[in-house]
There are 4 protein chains.
Amino acid sequence: MAQPGRPRSEQARRTILAAAAKLVARNGYGELTMEGIATEAGVSKQTIYRWWSTKAEVVLEAVNEGAAEMAAVPDSGSLADDLRLFLRRTVDATTPVNRRLLASLMAAAQLDDQFAKSFRTGFLASRRRELRGMLARAQERGEIAASVDLDQLVEVVYALLWYRILVQHGPLDRRFGRQVADSVLRLSRAA
Amino acid sequence: MAQPGRPRSEQARRTILAAAAKLVARNGYGELTMEGIATEAGVSKQTIYRWWSTKAEVVLEAVNEGAAEMAAVPDSGSLADDLRLFLRRTVDATTPVNRRLLASLMAAAQLDDQFAKSFRTGFLASRRRELRGMLARAQERGEIAASVDLDQLVEVVYALLWYRILVQHGPLDRRFGRQVADSVLRLSRAA
Amino acid sequence: MAQPGRPRSEQARRTILAAAAKLVARNGYGELTMEGIATEAGVSKQTIYRWWSTKAEVVLEAVNEGAAEMAAVPDSGSLADDLRLFLRRTVDATTPVNRRLLASLMAAAQLDDQFAKSFRTGFLASRRRELRGMLARAQERGEIAASVDLDQLVEVVYALLWYRILVQHGPLDRRFGRQVADSVLRLSRAA
Amino acid sequence: MAQPGRPRSEQARRTILAAAAKLVARNGYGELTMEGIATEAGVSKQTIYRWWSTKAEVVLEAVNEGAAEMAAVPDSGSLADDLRLFLRRTVDATTPVNRRLLASLMAAAQLDDQFAKSFRTGFLASRRRELRGMLARAQERGEIAASVDLDQLVEVVYALLWYRILVQHGPLDRRFGRQVADSVLRLSRAA
DNA sequence: GCGTAAACGAGACGGTACGTCGGGTCTTTAA
DNA sequence: TTAAAGACCCGACGTACCGTCTCGTTTACGC
């Protein structure tokens, strides 16, 4: 059952992810190098390449590691309450460091088709699924007309969030979260 | 009046921008190198570095070069018509090659703070100003209530456009342009 | 005992030295470049810089590599025989290729103080020591008066050899070797 | 008679030679660049290339410029006196700066065959001719036997001088000048 | 407890691109 | 025609990382 040989070092794995996160926070993803991660983590390059093939994958796993709390999608029975709470939690979780990590991942996806695919079908799609489930429950309750396209609503939410993350045209705070929630609620009622 | 010394070669400038655009179209921005641009353009690296300091700046100028037609913002007297036409023109102008170029610039902005600043205050801000002017005229005509925050409407438009450009969750076609226009029109009327 | 990490490639070392020697022979030291050595040897530049810091050092090691036979200083019991044999061997060993290499090293020493030091205290001094040893034995045997300054004799030998190497005012052949030997023998007897 | 156009600037010529000499004295010939000379002299590169093709030629002319006093070869009627005076003047003229310039020229001759030829047939040969003339006069007077090869004597003098210049195994002072003179006098009498 | 076998650190290796420097040429205006 | 200015193409510089490799060493499991 158990394969022979020395087992993977869980500590090395964690040290590498921590080192990557730390370096991105300090110097930005643009300055991040595999060599730098290895040195910072006190690990050989080979140990990194054994388990990840690009630095984007390392960072993606580092982000996933520190994002278990995001999972909780509210379900109070009221669309307005759920949406506002969801967005408040989301903006709360997006600290400056996290913002930088997320922006880096989106950038990496533009430069590497391979990574783009895994980023879209993994990270992004799972986030979208959660939100869509919340809206679908509201539609079943009759809070949203059956004619409304839920995917468009989901798109508006994440478009606004990502635009803020990437362009930094304004703060990613609770006030912004409320504005997004209100816009989507209005769109969910119209037409 | 005329300064001494050999004048800058306008041809070299154009060849470099064309080479950069061509290489991004062919292999993507991630594969783009200053060395490659120089070779493709038949130009020395020094000539590139004399006028631009990063490849992102070269690509940005290449994009600006081929985007004079975007400038035309419609002004028919009807918000709905203007908005729909503006978005139709925008999605029409965003060919796959242009999409790739724009995505690259946004990625580069995430990796290089220096470039991020010039990208935001130059390229992005000028685009936003144009659209805001259109909406302001509609507000003066009374088509949009004085209480509505125009910046939020502008944000929705560009957020949706950029999200499509970056995530490619669906096609950037005229149908998508109409959906965006309709969403914004609804938000402009609400509350 | 054994240090960790991949051991240095002895083959790479030898290939580099051979490439350097070959290129100097073909195009002269003035045309020699680190890039050229790397290409010729099929080696990365980094591998060269890891072990040598200038091309002069590479060439110096290449010369030392192919000069084990020089070491044999004769000791027959007769100063005249020893000196003549030593100079014959020396001029015999100084093939046109070797002449070019030696001239290059002396030139490099004029352009780079760092290298000059290692060249003088290493290469040149060891050659001088050997010859001086030979003369010292003759002095002990009484063939040279105790009052004679051996260093001056050594200086005459190498001055004449190097002048021929650098100025090429005449051939570096056995006839020349005999002339040098005779001059020094005469000086060793005088006053 | 007078050709048309702007005449050559004698001042530019002198400024260039002075700049070259100054830069070699300050940083050594290895650091010397055409660009540096132009900047130091406040002259355009083209102006240098119009009159000289390599930096070695510039330095050679700079050396010749500042070496009119060397020309005086003594002629007292006594070989010993003449030789000692000649060598005293020579070592006196070889200041540290001049030593560096001469060493540079010899180095340049090893790296550039073109320059080597002009250096040998011009600079070196003319020096040798002067000394040989002095020895020839002594031979006519009977101070040197007719069987003695004067070229060998000349060779010994310049070999010893150049060896000191290039290897710096000891000081280039009057004491050294006397030693050289004595050695040559001894060789002129022997056999 | 001993051998097999994978993981680990270290670090050298062949590469590619970096951004800079200087070479020698060319193209302009001014003297 | 010469000169200053400065842009141009070119090639080499020395460095940084890439991803791979070859070592000696460590740590588990199955015999």
Side-chain angles (χ1 to χ4, degrees), chain A residues 1-9 11-13 31-39 41-51 53-55, chain B residues 1-13 31-39 41-51 53-55, chain C residues 1-13 31-39 41-51 53-55, chain D residues 2-9 11-12 31-39 41-51 53-55:
Chain A
M1 201 94 291
Q3 68 275 29
R6 181 174 174 174
R8 172 171 185 187
S9 162
Q11 178 185 328
R13 187 184 145 273
E31 304 287 290
L32 186 67
T33 65
M34 289 298 229
E35 212 125 74
I37 299 173
T39 303
V43 138
S44 89
K45 279 198 289 177
Q46 193 61 37
T47 300
I48 303 181
Y49 281 109
R50 217 189 311 273
W51 306 108
S53 37
T54 64
K55 59 182 182 164
Chain B
M1 193 100 286
Q3 69 272 31
R6 180 174 175 172
R8 175 173 183 186
S9 161
E10 177 60 20
Q11 178 183 331
R13 188 184 144 272
E31 303 287 291
L32 186 68
T33 64
M34 288 299 227
E35 211 125 72
I37 298 173
T39 302
V43 139
S44 90
K45 277 197 288 177
Q46 194 60 43
T47 299
I48 303 182
Y49 281 109
R50 214 190 311 275
W51 306 108
S53 37
T54 64
K55 58 183 183 165
Chain C
M1 193 100 285
Q3 68 272 33
R6 180 174 174 171
R8 173 171 185 186
S9 161
E10 177 60 22
Q11 177 183 330
R13 187 185 144 273
E31 303 286 291
L32 187 66
T33 65
M34 288 300 226
E35 209 123 71
I37 298 173
T39 302
V43 140
S44 91
K45 277 198 286 178
Q46 195 59 45
T47 299
I48 303 182
Y49 282 109
R50 215 189 311 274
W51 305 107
S53 36
T54 63
K55 57 183 183 165
Chain D
Q3 66 273 32
R6 180 173 175 172
R8 174 170 184 187
S9 161
Q11 179 185 327
E31 303 286 289
L32 186 66
T33 65
M34 288 299 227
E35 211 125 73
I37 299 172
T39 302
V43 137
S44 87
K45 276 198 290 178
Q46 193 60 33
T47 300
I48 304 181
Y49 281 110
R50 217 188 310 273
W51 305 107
S53 39
T54 65
K55 58 181 183 167

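Here is the naming used below: chain letters follow the sequence lines, and residue numbers restart at 1 for every chain. Worth saying up front: this structure is predicted, and the values here are computed from it rather than measured.
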Give the rounded distance in Å between these two atoms: [atom1] of [X] and [atom2] of [N].
X: B/E31; N: E/dA17; atom1: CD; atom2: C1'; answer: 12 Å
X: B/W51; N: F/dC9; atom1: CH2; atom2: P; answer: 12 Å
X: B/Y49; N: F/dC8; atom1: OH; atom2: P; answer: 16 Å
X: B/E35; N: F/dC9; atom1: CD; atom2: P; answer: 15 Å
X: C/I37; N: E/dG14; atom1: CD1; atom2: P; answer: 14 Å
X: A/K55; N: F/dG19; atom1: NZ; atom2: P; answer: 9 Å
X: C/E10; N: F/dC23; atom1: CD; atom2: C1'; answer: 17 Å
X: D/R50; N: E/dG24; atom1: CZ; atom2: P; answer: 16 Å

How many angstroms lie between atom OH of D/Y49 and atom OG of D/S44, to the nearest 0.5 angstrom?
11.0 Å
Approximate separation, where rounding is to 0.5 Å, of A/K45 NZ and A/I48 CD1
9.0 Å
So which heavy atom on A/S9 is nearest to which on A/A12, and how close?
OG-N, 3.0 Å
D/R8 has a side chain; which of F/dT15, F/dA7, F/dA3 sits nearest to it?
F/dA3
Checking F/dA28, F/dC13, E/dC13 against the side chain of A/P7 (C-beta onward), the nearest is F/dA28
What nucleic acid atoms does D/G42 come within less than 4.0 Å of, heavy atoms only: base, sugar-phosphate, or nothing?
sugar-phosphate
For A/S44, answer base if it contacts any base atom (sugar-phosphate contacts may also be present), sugar-phosphate if it contacts only those atoms, and nothing otherwise; contact means non-hydrogen atoms under 4.0 Å.
base
Could you check C/G5 against B/R13 and say which one's nearest nucleotide on DNA chain F is further toward the 5' end?
B/R13
Which residue lies more 5' along DNA chain F, comparing C/M34 with B/A41 via nearest heavy atoms
B/A41
Would the number of heavy atoms belonging to other residues, nucleotides or ligands and lying under 6.0 Å from CD of B/E10 be above 12?
yes
Ring of C/W51, cation from C/R13 - is the NZ or CZ under 6.0 Å from the centre and inside 45° of the axis?
no
Find which nucleotide of DNA chain E each of C/P4 and D/Q46 is nearest to by heavy atoms, and output the residue with the more 5' nucleotide.
C/P4
Measure distances between side-chain N and O atoms of D/K45 and base N and O atoms of E/dG24, and say whether any donor-acceptor pair falls under 3.5 Å.
yes
Base F/dT26 to side chain A/R6, donor-acceptor N/O within 3.5 Å cut-off:
yes
Could you tell me whether the phosphate oxygens of E/dG9, OP1 or OP2, come under 4.0 Å of any side-chain nitrogen or oxygen in A/T47?
yes
